[in-house]
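Labels below follow one simple rule: chain letters A, B, ... track the order of the sequence lines, proteins then strands, and each chain is numbered from 1.
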Amino acid sequence: MSLHSPAAGPSIVWLRDDLRVADNPALTAATQRGLPVVVVYIRDEVSQGIRPLGGAANWWLHHSLGRLSARLTRLGTPLVLRQGGAHEVIRDLIRETGATAIFWNRRYGGPERALDAAIKDYAKASGLEAHSFQANLLVEPWTIATGAGNPYTVFTPFWKAFLARPEPPRSPLPAPKAIPGFPAGASGAPGQALPSDDLDSWKLLPKHPDWSAGLAARWQVGEQAAHEQLESFVTERLSRYADGRDVPADFATSELSPHLRFGEISPFQILERVDAARRNGSAETLRNAAKFLAEVGWREFSYNLLFHWPALATANFDRRFDGFPWAPSSTPALTAWQEGRTGVPLVDAGMRELWQTGYMHNRVRMVAASFLIKNLLIDWRVGEEWFWDTLVDADPANNAASWQWVAGCGADAAPYFRVFNPVLQAEKFDPKRVYLRRYLGDFDGADALDYPAPIVDLANARTSALEAFAHVSSLPRDIAPPTGFDAL
DNA sequence: TGTAAGTTATG
DNA sequence: ATAACTTAC
């Protein structure tokens, strides 16, 4: 094949939510093509329907791209950073490079899929090969359905169906040992390097004020850190995961969520490592591993929902809630919740953990969300947006599905009458007040909490919430039909 | 992956 | 008196 034939042109790898070099099928396939590889990340805040990242996620993105860029450079090709509409950026990049093939790993949100489909059509019409890959989900949503052919809307049968599949998920791919850069250096005079934005010019890091000190103190960002986190979790914490995961003072969960969110690690890699741990494990290990993998499964389930219901973050999955009498959201109560001064210790501790570290323990997320929805009667979407802006692991599928779950309007949702009592939850899961003290300071005396009074009476708020939700429950269940199949 | 109020068991 | 268990919300 001549270097001058069109088919010999370079390959473009478009990275999105897959900021890793190992187990990256698009990167591996492009590398195996044996031609120069252009790796690009596009910051797209203009294409129709693409939701811009929140502040904490942007902080993570900055550091993740920095690490990835250094790794790719060592492997032989720099990371090209571009900003703008993805379609236009890809079009320009094809013209600049003479690329003859483009590769990416698939996304599952509605606007993302529509954009990717349009770009794939454009690339093929322009004479390029275009290849997309399964990389970020163990089970792609169109490959699993109920006996009646419908999308699963209950987690347990969804996960059972996944576990019963005859073909196990593929083994993760190794990282390429070297990636040929663009332009090719060997066959002629070194060409001009491709223009790339300076990462700092994207201004992903907060300034004036810089609120990121607590994030930087808590998190190690990047692919290598993700694997170190997985390793320490499996060797040190998996054996007590099933019970330990509920104790917010302990660092007993995997804390892999932001790494997974940005694709610094893949679920295939997680599954393989946990499988290795349970091959020579006790019955107790099997129980803990199953519990942990079920949490990975909830992420799969959430993406399954997002694919079939692209409006998951904005529309009630159960439309009985469309007329729900939510309280006005621009209130001092909302501000108090956001700032962690509701007078309810566990809620405030959680909201302060979130503000300081970009993260909140799972159990506390449920309690804090339940408080906003069922004690303050504020629309779940208001909370979803706050978490979207403040969580380093803010995920388009998990965040939306989980808020709907707490609200009771989601798929396989908590029943409307499940109202967490934040005082009881604290007594049960943080009996020594280690978590409370960590974020609220040493506020308690011998017995009674020396803490500001709650902004609502918990018992009364619970009663009025149950009344409001009881009206919803009297209506016939009304699930919006899935639309994901049509979006392409 | 809930809570609260009730009933029953136990000392 | 209190733990253990059941049940409705």
With a 4.0 Å cut-off, would you call [X] and [Y] a salt bridge?
{"X": "Lys432(A)", "Y": "Glu427(A)", "answer": "no"}
{"X": "Glu284(A)", "Y": "Arg240(A)", "answer": "no"}
{"X": "Glu353(A)", "Y": "Arg218(A)", "answer": "yes"}
{"X": "Asp430(A)", "Y": "Arg363(A)", "answer": "no"}
{"X": "Arg165(A)", "Y": "Glu167(A)", "answer": "no"}
{"X": "Asp116(A)", "Y": "Arg107(A)", "answer": "yes"}
{"X": "Asp246(A)", "Y": "Lys428(A)", "answer": "no"}

- In whole angstrom, give the distance that lies between atom CZ of Phe371(A) and atom C1' of dT1(B). 20 Å
- Query: In whole angstroms, how far is the C1' atom of dT1(B) from the NZ atom of Lys291(A)?
  - Reply: 7 Å
- Message: Within residues 239-256 of chain A, which residues have any heavy atom lying less than 4.0 Å from an atom of DNA chain B?
- Response: none
Please tabulate, for the side chains in residues 393-411 of chain A, all donor-acceptor contacts under 3.5 angstrom to protein atoms that are two or more places apart in sequence or on a different chain.
{"unit_1": "Asp393(A)", "atom_1": "OD1", "unit_2": "Arg365(A)", "atom_2": "NH1", "d": "3.4"}
{"unit_1": "Asp393(A)", "atom_1": "OD2", "unit_2": "Ser257(A)", "atom_2": "OG", "d": "2.7"}
{"unit_1": "Asp393(A)", "atom_1": "OD2", "unit_2": "Arg365(A)", "atom_2": "NH2", "d": "2.8"}
{"unit_1": "Asp395(A)", "atom_1": "OD1", "unit_2": "Tyr303(A)", "atom_2": "OH", "d": "3.1"}
{"unit_1": "Asp395(A)", "atom_1": "OD1", "unit_2": "Ala397(A)", "atom_2": "N", "d": "2.8"}
{"unit_1": "Asp395(A)", "atom_1": "OD1", "unit_2": "Asn398(A)", "atom_2": "N", "d": "2.9"}
{"unit_1": "Asp395(A)", "atom_1": "OD2", "unit_2": "Tyr303(A)", "atom_2": "OH", "d": "2.9"}
{"unit_1": "Asn398(A)", "atom_1": "OD1", "unit_2": "Ser302(A)", "atom_2": "OG", "d": "3.4"}
{"unit_1": "Asn399(A)", "atom_1": "ND2", "unit_2": "Glu384(A)", "atom_2": "O", "d": "3.1"}
{"unit_1": "Asn399(A)", "atom_1": "ND2", "unit_2": "Glu384(A)", "atom_2": "OE2", "d": "3.0"}
{"unit_1": "Ser402(A)", "atom_1": "OG", "unit_2": "Asn398(A)", "atom_2": "O", "d": "2.7"}
{"unit_1": "Gln404(A)", "atom_1": "OE1", "unit_2": "Phe317(A)", "atom_2": "N", "d": "2.9"}
{"unit_1": "Gln404(A)", "atom_1": "NE2", "unit_2": "Leu312(A)", "atom_2": "O", "d": "2.7"}
{"unit_1": "Gln404(A)", "atom_1": "NE2", "unit_2": "Ala315(A)", "atom_2": "O", "d": "2.9"}
{"unit_1": "Trp405(A)", "atom_1": "NE1", "unit_2": "Asp412(A)", "atom_2": "O", "d": "3.1"}

Distances for protein N or O near nucleotides 2-7 of chain B N or O, under 3.5 Å:
{"unit_1": "dG2(B)", "atom_1": "OP2", "unit_2": "Arg418(A)", "atom_2": "NE", "d": "2.5"}
{"unit_1": "dG2(B)", "atom_1": "OP2", "unit_2": "Arg418(A)", "atom_2": "NH1", "d": "3.2"}
{"unit_1": "dG2(B)", "atom_1": "OP2", "unit_2": "Arg418(A)", "atom_2": "NH2", "d": "2.9"}
{"unit_1": "dG2(B)", "atom_1": "O3'", "unit_2": "Gln425(A)", "atom_2": "NE2", "d": "3.2"}
{"unit_1": "dG2(B)", "atom_1": "N2", "unit_2": "Phe417(A)", "atom_2": "O", "d": "3.3"}
{"unit_1": "dT3(B)", "atom_1": "OP1", "unit_2": "Asn421(A)", "atom_2": "N", "d": "3.0"}
{"unit_1": "dT3(B)", "atom_1": "OP1", "unit_2": "Asn421(A)", "atom_2": "O", "d": "3.4"}
{"unit_1": "dT3(B)", "atom_1": "OP1", "unit_2": "Gln425(A)", "atom_2": "NE2", "d": "3.1"}
{"unit_1": "dT3(B)", "atom_1": "OP2", "unit_2": "Gln425(A)", "atom_2": "NE2", "d": "3.3"}
{"unit_1": "dA4(B)", "atom_1": "OP1", "unit_2": "Asn421(A)", "atom_2": "ND2", "d": "3.0"}

